[in-house]
> 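Just dropping this structure here.
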Amino acid sequence: DGKGAVRAALGMLRDGAVEPDDITGDLPPDADTWLIDAARDEALSAVERVAAVTLLGRYPTAQTSTFLEAWIARADLDTTLLAAVPPALARGFGKQRAHTRRVTGLVKPLLAHASSNVRLGAVAGLALVGTAEARRLLEARLRHEGELEPVKEAIRGALGIKVKPKAKPQ
């Protein structure tokens with residue numbers, strides 16, 4: 001049963017027993033249907049729902065694209081879930097020539113989101129896309145990012161910028 005296999009995998013992810021890359025081969029071909037169902041299921045833990053969104057990036061179907069594109073545009077979506085959407089969308093569609101520009105355009109507004117977690121997700125998504133346009137957006141965001149070091153560090157990492165550690169006062 002596809003639903004049972006997906007729910008079992010999400011439980012293992014929730015418990016820290018496996019990483020997403022360890023289980024995708026074990027899921028049924030129609031896993032995207034069951035992962036979307038799990039992502040929507042408010043009875044599941046936030047960890048399981050985020051794992052479902054994360055795994056959707058490994059199933060680049062039309063159904064997955066429609067779902068992720070709708071979720072990235074939802075203003076009412078929990079920021080933990082929203083932060084998982086850009087990397088999933090980029091992993092599934094960001095390297096496909098026909099979708100690269102669309103994925104970049106969908107992720108771009110999240111670089112200015114009020115939640116630093118969502119901005120981190122946007123950075124991860126654009127890093128996965130890896131185009132010159134994605135890089136340009138990250139460079140521009142680095143200039144405008146406030147004092148939050150985790151976001152700046154993520155952008156620098158995505159751009160391959162090495163920063164010397166600050167000398168500690170003696």
Side-chain angles (χ1 to χ4, degrees), residues 1-96 99-100 102-130 134 137-138 141 148-151 153-155 157-158:
D1 161 35
K3 181 177 182 177
V6 166
R7 296 295 172 114
L10 294 176
M12 289 189 299
L13 286 166
R14 178 200 61 225
D15 297 340
V18 294
E19 294 294 320
D21 289 338
D22 297 334
I23 63 167
T24 52
D26 299 333
L27 295 178
D30 64 344
D32 59 331
T33 298
W34 301 112
L35 289 167
I36 290 169
D37 178 61
R40 289 180 175 141
D41 188 348
E42 294 181 10
L44 292 177
S45 72
V47 172
E48 290 167 307
R49 293 177 74 198
V50 167
V53 172
T54 300
L55 289 173
L56 275 169
R58 289 151 172 93
Y59 295 89
T61 65
Q63 177 177 246
T64 297
S65 176
T66 300
F67 175 76
L68 292 174
E69 287 183 27
W71 264 34
I72 207 167
R74 281 183 54 185
D76 65 329
L77 193 61
D78 176 84
T79 57
T80 304
L81 287 169
L82 182 56
V85 175
L89 190 60
R91 183 172 284 109
F93 304 95
K95 296 289 185 188
Q96 296 178 19
H99 298 287
T100 301
R102 179 152 177 75
V103 170
T104 301
L106 289 165
V107 173
K108 178 183 174 181
L110 298 184
L111 286 172
H113 195 278
S115 166
S116 61
N117 285 337
V118 173
R119 293 195 309 278
L120 284 167
V123 169
L126 290 173
L128 286 168
V129 170
L137 291 171
L138 290 171
R141 185 63 208 175
L148 276 169
E149 279 305 310
V151 179
E153 285 178 30
I155 294 171

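Basis for what follows: all heavy atoms, side chains included, without hydrogens, waters or symmetry-related copies.
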> When you compare the side chain of Tyr59 with that of Arg91, does any pair of heavy atoms fall below 4.5 Å?
no
> Might you work through the side chain to side chain contact (heavy atoms under 4.5 Å, CB included) test for Phe93 and Thr100, ending with a clear yes or no?
CA-CA 7 Å; Phe93 304 95; Thr100 301; over 6 Å; no
> Who are the salt bridge (charged side-chain N to carboxylate O under 4.0 Å, His left out) partners of Arg141, not counting sequence neighbours?
Glu145
> Residues in side chain to side chain contact (heavy atoms under 4.5 Å, CB included) with Thr33, at least two apart?
Gln63
> Using side-chain heavy atoms (C-beta onward) and a distance below 4.5 Å, is Pro87 in contact with Thr54?
no
> Is the closest side-chain heavy-atom distance between Val107 and Val129 below 4.5 Å?
no
> What's the spacing between Leu27 CG and Leu35 CG if we round to 0.5 Å?
6.5 Å
> Could you check if a side-chain atom of Asp41 sits within less than 4.5 angstrom of a side-chain atom of Glu48, using non-hydrogen atoms only?
no
> Run the salt-bridge test on Asp76 and Arg74 with the 4.0 Å N-O cut-off and return the result as yes or no.
yes
> Verify side chain to side chain contact (heavy atoms under 4.5 Å, CB included) between Leu10 and Arg49, making sure each step is shown before the conclusion.
CA-CA 8 Å; Leu10 294 176; Arg49 293 177 74 198; over 6 Å; no
> Look at the side chain of Ser65 and the backbone N and O of Thr61, then say whether any donor-acceptor pair between them is shorter than 3.5 Å.
no
> Taking atom types as modelled, find out whether Asp78 and Thr80 have a side-chain donor-acceptor pair closer than 3.5 angstrom.
yes
> Is Asp1 paired with Arg7 through a side-chain N to carboxylate O contact shorter than 4.0 Å?
no
> Show, in sequence, the C-alpha distance, side-chain angles and deciding distance for Thr64 and Leu68, and conclude whether the side chain to side chain contact (heavy atoms under 4.5 Å, CB included) test is met.
CA-CA 6 Å; Thr64 297; Leu68 292 174; 3.7 Å; yes
